[in-house]
Amino acid sequence: MAAAQPEAQPSSFWQVLEEQVLEEHPDVPRDQLLPWEAWERKHRKRSCDEATTSEPGAGSNGGGGSIAEPFWDALEASLRAEHPHLAREELLPWLKLPRQRRQPAAAAPSAAAPPPPDDTDNGGDSDYEAIGSEEDEAFVAGSSDSTRAGTQPRAAIVPLPDTSGNRWASRNKHKWQCQSTTTKTAPATNLFLADELDKLAAHYKAVGNDEWRYFAFSKQAKKLRDLTWEVTDAKQLLSVRSFGQKSVDKIAELLATGALRRLETMQSTDRAQALAELTKVHGVGCKIASDWYAKGITSVEAAVQSGLMTATQRVGARFYKDLQVRIPRAEVTAIVDAVRVALRATLGARGVPAHAIDGAGDATASGSYRRGKPSSGDVDVLLCRRDGGSDEGLIEQILEYMKAAGVSVHHLTHEEEVQRGRAQRSVRTATCSSYRGIIRLPGYELHRRLDLKLYPPEDFAYALLYFTGSDHFNRSMRHYAKTLGYSLSDHGIVHAVKMAGGKDNCVRGTKNLFEARTEQEIFEKLGLQYVEPSQRNTDVVPIGDAPRRLQ
DNA sequence: TGGCCGTACTG
DNA sequence: CAGTACG
DNA sequence: GCCA
């Protein structure tokens, strides 16, 4: 890229990154490897390279023709069931792609795929179109009528692949804050204040040295966003938990002058700016960022060129721009559904008969999505196998399946090598696995963070509670449990004894004291009022006298 | 004044 | 182990 | 940073 420009650095960030990446993955099509090419075109000004190195790109990406078709069909059905009102193109953005797979396998690769007539963006951005050629007509015509007519999704539709995997979701839809389309809008003043406090928090987090200020400010910011009344006088906040005099003073300044002098000066230093940028890369925290800064590294570009990055960090760097963008709720739905469909297919491939697949496992949307947020920072899917079958390799298989169907997948955890070494030494990992990665569904512009967590059924309620969050809510609830002498985690409730001194001053039991079937039961056991997911942005509230013991 | 969540993965 | 990340 |  940037070939022609005389001013272009001989080795720009992206060039270096590109080299590293190409070297690391010689077998992956270029477009999949270099998503920023499209991103840059869209978000920066004119692209300097018009002559898209017309890629051969064709073929390569392993077959998958046979499984791709049912996958997308099922995904479409699943999405249609959840969004009956959406226009088809909106529901299935990948239909807009110039070419599709679903080739009858034998279909000739029909030579040089014509460069997508695509106007501007999204150009060669798909690893998907490379798979096949021709017959997107077949695809479109096959599963329904013409996309073109748009709007009318055609009467009969969807055999319905049954989304009951997501039991909770279906049952509680009406309770979701944003299923009612009307998103509660907080007073603008509060949002402004929250943003400023978040900046303060972000600063302390990036610079390090004071995680507790970070904790305090981010907690306050969250509370401000959730406040139902407008802050007109900073003193009002003195009566709100976790706001103290210092913060009230800051907020008073913000209300009066619209800015925080102290924040501005803190942010303006070179070091602060460098750390702020570096820590945006997944896998780079304040320590490593400080480390790099001490070595003279002040940008992601420099970090990449330094060769100091770990494998995970390199993946993070490749996509860190995409990952700054929040994910609209509808896209989260699509990704969760894709995972669910892949899970079902995987179970089927493992011998679970079709009629039993519903009960054999489920994929539940969690995180901010379950809390009803209109957009999310990432996608959290809680997986559970309930038929007693083995969990081993389930996550990997699901991802392989999606990959084969044309989804672009990049691992932050579970890199092949690491996987092996890991398998032998940890017993626990066999039954509880935690995956982090980056994926992009074909037709979507940006790559998104995907978190998968797999638990045995007996952990499900605790896991769901944990995975739904929010972070501050969890910490609050766990803190509260601790005051009762318990330790609450995503696996259960155990005894916790606080010892004097030292930092690791807490001794935990190992036996789960209470097998909860639902979240409600957990709240109840702890003497807490049940809180709907959409309300889990603030602290927990004990009701009456807290129980002394679990029975 | 000292505590501020509990866990999983990486290297 | 420290570091980073997850909610 | 806030709080017990």
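Quantities reported herein were computed from a predicted structural model and do not represent experimental measurements. Within every chain, numbering begins at 1; the chains are lettered A, B, ... in the order of the sequence lines, protein sequences first and strands thereafter.
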Check the phosphate of [N] against [X], side-chain N and O only, distance under 4.0 Å to OP1 or OP2. Yes or no?
X        : N     : answer
A/Lys250 : D/dG1 : yes
A/Thr468 : C/dG7 : no
A/Ser242 : D/dC2 : no
A/Arg436 : C/dT4 : no
A/His472 : B/dC4 : no
A/Lys453 : B/dT7 : no
A/Arg478 : B/dC5 : no

Touch class at under 4.0 angstrom, heavy-atom based, for [X] against every strand present:
X        : answer
A/Lys223 : nothing
A/Ser476 : nothing
A/Gln220 : sugar-phosphate
A/Leu465 : nothing
A/His282 : sugar-phosphate
A/Asp210 : nothing
A/Phe243 : sugar-phosphate
A/Val281 : sugar-phosphate
A/Leu200 : nothing
A/Gln313 : nothing
A/Lys219 : nothing
A/Arg262 : sugar-phosphate
A/Arg449 : sugar-phosphate
A/Tyr466 : base

Exercise. Do A/Arg371 and A/Phe473 have side-chain heavy atoms sitting under 4.5 Å apart?
Worked result: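 In short, these two side chains do not touch, never coming nearer than 4.5 Å.
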Problem set entry | Test: A/Lys453 and A/Asp451 ion pair at under 4.0 Å | no
Exercise. More 5' along DNA chain B: A/Val494 or A/Leu412, using each one's nearest nucleotide?
Worked result: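 It is A/Val494 whose nearest nucleotide is closer to the 5' end.
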Seminar exercise, completed: Comparing nearest nucleotides in DNA chain B, the 5'-proximal residue of the pair A/His479, A/Tyr435 is A/His479
State which of [options] makes the closest approach to the side chain of [X].
X        : options              : result
A/Thr413 : B/dC9, D/dG1, C/dG7  : B/dC9
A/Ser434 : D/dG1, C/dG7, B/dC9  : B/dC9
A/Asp451 : D/dG1, C/dG7, B/dG6  : C/dG7
A/His491 : C/dT4, B/dA8, B/dT10 : B/dA8
A/Arg241 : B/dT10, C/dG3, D/dC3 : D/dC3
A/Lys246 : B/dG11, B/dG6, D/dG1 : D/dG1
A/Cys286 : C/dT4, C/dG7, B/dC9  : C/dT4

Exercise. Should we count OH of A/Tyr214 as having more than 12 external heavy atoms under 6.0 Å?
Worked result: no
Exercise. Counting only heavy atoms not in A/Glu230, do more than 12 fall under 6.0 Å of its CD?
Worked result: yes
Distance, rounded to the nearest Å, where [X] contributes [atom1] and [N] contributes [atom2]:
X        : N      : atom1 : atom2 : value
A/Met477 : B/dC5  : CE    : C1'   : 12 Å
A/Met309 : B/dT10 : CE    : P     : 18 Å
A/Tyr214 : D/dC2  : OH    : C1'   : 16 Å
A/Leu526 : B/dG6  : CG    : P     : 12 Å
A/Lys222 : D/dC2  : NZ    : P     : 19 Å
A/Arg213 : D/dC3  : CZ    : C1'   : 15 Å
A/Asp459 : C/dC6  : CG    : C1'   : 16 Å
A/Gln245 : D/dC3  : CD    : P     : 11 Å

Problem set entry | Aro-ring/base stack A/Trp212-B/dC4, d under 5.5 Å, angle under 30° |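 Aromatic stack with B/dC4 present for A/Trp212.
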Exercise. Which heavy atom in A/Arg350 sits nearest to a heavy atom in A/Ser390, and how many Å separate them?
Worked result: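 Nearest heavy atoms, A/Arg350 then A/Ser390: NH1-O, 3.0 Å.
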For this session: Could you list the residues that satisfy ring-ring contact (aromatic ring centres under 6.0 Å, His included) with A/Phe215, not counting sequence neighbours?
Result: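 A/Phe215: ring-ring contact (aromatic ring centres under 6.0 Å, His included) contacts with A/Trp212, A/His472.
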Exercise. Under 3.5 Å, is there a donor-acceptor pair between the A/Gln397 and A/Thr346 side chains?
Worked result: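 No, no side-chain donor-acceptor pair sits under 3.5 Å.
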Exercise. Using the P atom in both, what is the distance from B/dT7 to D/dG1, to the nearest Å?
Worked result: 31 Å
Problem set entry | Aromatic centroids of A/Tyr466 and A/His491 separated by under 6.0 Å |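 Here the rings of A/Tyr466 and A/His491 have centres that are no less than 6.0 Å from each other.
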